[in-house]
Protein chains: 2
Amino acid sequence: MRVTIREVASTAGVHYGTVSRALNPDTAHLVAKKTRERVQKVADELGYTPNTIARGLKKNRTQTVGVVVPDIASPVIGHLVRGVEDRLSPHGYIALVANTDDDREREQTQIRALMGRSVDGLIVASAHLSGPTLEELAEHRIPVVHANRHGHGESIASVTSDDAPGVYSVVDHLVRLGHRRIAYLGGPLDTSTGQTRSQAFRFAMAEKNLAVDEKLVVHAKTFRTKEGEQLAAALLAAGEEFTAIVAGNDMLAIGCLDTLRTHHIACPDDISVVGFNDMPFVDKLSPPLTSVKVPHYDIGTEAAALMLQLMHAEASSPRTVLLPVALVVRESTGAAQVP
Amino acid sequence: MRVTIREVASTAGVHYGTVSRALNPDTAHLVAKKTRERVQKVADELGYTPNTIARGLKKNRTQTVGVVVPDIASPVIGHLVRGVEDRLSPHGYIALVANTDDDREREQTQIRALMGRSVDGLIVASAHLSGPTLEELAEHRIPVVHANRHGHGESIASVTSDDAPGVYSVVDHLVRLGHRRIAYLGGPLDTSTGQTRSQAFRFAMAEKNLAVDEKLVVHAKTFRTKEGEQLAAALLAAGEEFTAIVAGNDMLAIGCLDTLRTHHIACPDDISVVGFNDMPFVDKLSPPLTSVKVPHYDIGTEAAALMLQLMHAEASSPRTVLLPVALVVRESTGAAQVP
DNA sequence: AATGATTATGCAAACGTGTGCTGTACATCG
DNA sequence: CGATGTACAGCACACGTTTGCATAATCATT
């Protein structure tokens with residue numbers, strides 16, 4: 001059996017209420033220094049650890065935040081979760097992670113499971129969030145922070161990468177290299193990143209006074225390399241000429257590289273390829289992939305920081321954080337092929 | 001405010017104890033079908049969800065298992081955790097993950113934090129586990145399963161990959177290609193995988209009647225690419241001849257490839273390189289890395305399965321699971337250079 | 001020395017469940 | 001018809017804390 005506050009009290013010769021106060025930083029000033037020290041010592045000797053469950057029941061706070069992600073096995077998500085953890089744990093909070101596979105039903109189930117465990121807050125990095133679930137969350141008045149995705153309007157706090165300038169810098173980079181006919185292989189339009197980047201691409205092209213050939217714009221249904229391969233092949237088969245592909249993320253870009261290789265098309269000599277996210281090891285690909293560095297770890301820490309603010313109900317603070325990204329030029333982009 | 005069992009009871013016109021029994025599958029048979037159905041209906045209408053915290057306090061079980069990992073951001077660990085989650089969640093359990101960075105102190109802190117939250121079990125994939133902590137765990141009589149690492153003796157359940165045959169198949173593969181002078185660049189000897197694979201290498205070499213040149217055996221302090229680079233450079237600088245490097249994992253192997261490239265040594269033409277784990281995307285490296293596929297996802301599911309057994313205290317079952325690995329031959333290994 | 005102010009501690013009621021025990025109503029049996 | 005058994009529901013305590021309130025102890029002030 002685990003040692004309780006009463007045992008500490010009896011061996012220290014004080015009432016258990018006093019022990020509670022002595023051990024709690026907020027109330028420690030209410031107990032005399034002498035007894036506080038004695039209690040502290042006895043608690044250490046007995047190896048007392050407060051029962052978080054009992055405390056949670058009483059205070060209605062569990063020092064736990066739920067983290068809802070599409071897939072913890074994905075490298076970018078892993079870094080995000082790591083950031084959350086690192087920022088949260090010094091404050092005594094711990095993360096409860098749940099995978100959804102971007103599946104609406106599973107999302108709902110997982111969020112319910114988290115709510116049932118009385119998490120103090122919810123960081124949501126999963127793509128969708130169905131209506132009923134959102135309502136439930138509102139009912140429980142539980143703080144919610146969106147990470148790596150935009151919220152519904154501005155009502156929900158969110159922290160994301162500032163993708164638009166990133167996409168612009170990609171297009172700018174390609175244009176400077178002489179590219180004019182640029183294909184776009186984007187991610188799912190029902191995800192926040194898929195949509196944002198797609199719009200940003202059109203905007204950037206307009207900015208450069210370049211026409212967007214609709215035949216050169218395709219969108220994947222998932223962010224998987226396999227689909228990148230297929231869509232890249234489809235772009236090639238369409239017969240429209242182009243000298244560069246901007247991909248919605250690195251996975252899709254890797255698919256492109258594979259397809260180019262199987263078609264014996266040289267990259268970057270014939271066609272340049274750009275990814276997004278700058279995942280680990282894309283610098284080791286052949287050719288090393290030009291990409292846009294997205295600070296997923298920092299997204300995690302910022303989301304956690306925002307969550308801490310919300311939970312402690314500090315004065316209203318900036319609710320929407322945009323983190324800067326940076327183009328990383330490598331060898332998958334080069335001068336446009338002369339026609 | 002959240003709806004409690006008492007509200008359900010009063011609107012259904014029964015005692016709250018009855019509601020508790022009616023809603024709990026194990027005790028539902030104790031209440032008449034008619035009232036049980038009425039209670040059920042009222043509970044649904046009111047949107048009652050049992051308070052897991054209160055239940056946890058009473059039953060001393062939280063339907064939660066702690067998962068202690070070195071770094072959730074690492075791709076292999078991500079897959080492992082994913083496996084744990086997938087196997088656990090259908091049973092209503094949820095995973096509480098904690099990173100340790102393989103740091104002894106942090107390990108202790110995190111495990112304490114998990115224990116304080118009354119987890120029902122602990123899956124430990126972190127490298128070390130210092131003495132005092134182990135004792136604490138034993139005191140609490142909490143089920144522990146080691147994943148991806150061997151336990152202390154056979155007293156603790158564990159599930160790992162069967163690395164020895166994997167290493168043997170690597171050496172065998174190289175020998176068949178004509179390699180005789182083979183270097184070993186292993187992981188930290190104070191980690192389970194580092195030690196197992198190192199021993200297995202010596203054993204495999206002996207099996208093949210090949211001498212192990214101690215100047216060609218080095219061990220990293222961490223599993224990082226940077227250290228792979230440095231140690232590979234050190235091997236080259238040592239002046240001993242060799243035609244192949246067996247690395248303790250893919251990260252170290254990637255470091256080797258980088259060093260070979262900067263030294264303008266061709267791989268595999270001059271020196272072959274083999275990794276271990278078969279991480280995502282090592283097939284996209286240049287050259288694509290020959291490696292040993294370790295089923296980290298399955299290690300996760302198996303560890304979770306074992307944990308479920310232990311928690312439900314089913315009859316004593318196989319406590320040590322070894323999962324098979326498979327050599328995946330790619331282009332980083334080739335025929336030995338003729339002298 | 002008595003009074004008031006301040007500080008330190010004890011007391012006990014919650015928080016929302018689970019569950020052993022008790023009591024009641026009804027059926028069954030001799 | 002009385003005794004016994006069975007099925008169901010109520011009662012109240014316990015799980016380990018926190019915390020408002022009351023009380024005791026200490027100290028300063030007049």
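None of the values given here were measured: they were computed from a predicted structure. All chains are named by letter (A, B, ...) in the order of the sequence lines, taking the proteins before the strands, and each is independently numbered beginning at 1.
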Quiz prompt | Rounded distance (nearest 0.5 Å) linking atom CD1 of I299(B) with atom OG of S161(B) | solution =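 The distance works out to 4.5 Å.
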
Practice problem: Please report the C-alpha distance between K59(A) and D120(A) in whole Å, then the side-chain angles of each, then the deciding distance to 0.1 Å, and finally whether the salt bridge (charged side-chain N to carboxylate O under 4.0 Å, His left out) criterion is met. | Solution: CA-CA 11 Å; K59(A) 305 188 69 164; D120(A) 295 342; over 6 Å; no

Smallest separation among heavy atoms of [X] and [Y], with atom names:
{"X": "I142(A)", "Y": "V119(A)", "result": "CD1-O, 3.5 Å"}
{"X": "S192(B)", "Y": "R149(B)", "result": "OG-CA, 3.4 Å"}
{"X": "A95(B)", "Y": "L96(A)", "result": "O-CD1, 3.4 Å"}
{"X": "I53(A)", "Y": "G56(B)", "result": "CG2-C, 3.9 Å"}

Practice problem: State whether R106(A) and D86(B) are salt-bridged, where the test is any N-O pair (Lys NZ or Arg NE/NH1/NH2 against Asp/Glu carboxylate O) under 4.0 Å. | Solution: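 Judged by the 4.0 Å cut-off on N to carboxylate O distance, R106(A) and D86(B) do form a salt bridge.
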
Quiz item: Hey, can you pull the residues of residues 12-30 of chain A with a non-hydrogen atom under 4.0 angstrom from DNA chain D?
Solution: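 The answer is Y16(A), G17(A), S20(A), R21(A), N24(A).
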
Self-check item: DNA chain D contacts made by residues 88-95 of chain A, counting heavy atoms under 4.0 Å
Solution: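 Within residues 88-95 of chain A, no residue comes under 4.0 Å of DNA chain D.
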
Mind calculating the distance between [atom1] ([X]) and [atom2] ([N]) to the nearest angstrom?
{"X": "K33(A)", "N": "dT7(C)", "atom1": "NZ", "atom2": "P", "result": "17 Å"}
{"X": "K34(B)", "N": "dA7(D)", "atom1": "NZ", "atom2": "P", "result": "18 Å"}
{"X": "R6(A)", "N": "dA12(C)", "atom1": "CZ", "atom2": "C1'", "result": "10 Å"}

Quiz item: Are L23(B) and Y48(B) close enough that some pair of their side-chain heavy atoms sits under 4.5 Å apart?
Solution: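 A side-chain contact under 4.5 Å exists here.
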
Quiz item: Taking DNA chain C as the partner, which of residues 43-59 of chain A come within under 4.0 angstrom of it by heavy atom?
Solution: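 The answer is L57(A), K58(A).
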
Self-check item: Heavy atoms of other groups near R38(A) CZ, more than 12 under 6.0 Å
Solution: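 Buried by this count: over 12 neighbours within 6.0 Å.
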
Practice problem: Check the side chains of E107(A) and S126(A) for a donor-acceptor pair under 3.5 angstrom, ignoring hydrogens and angles. | Solution: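 The answer is yes; a qualifying pair exists.
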
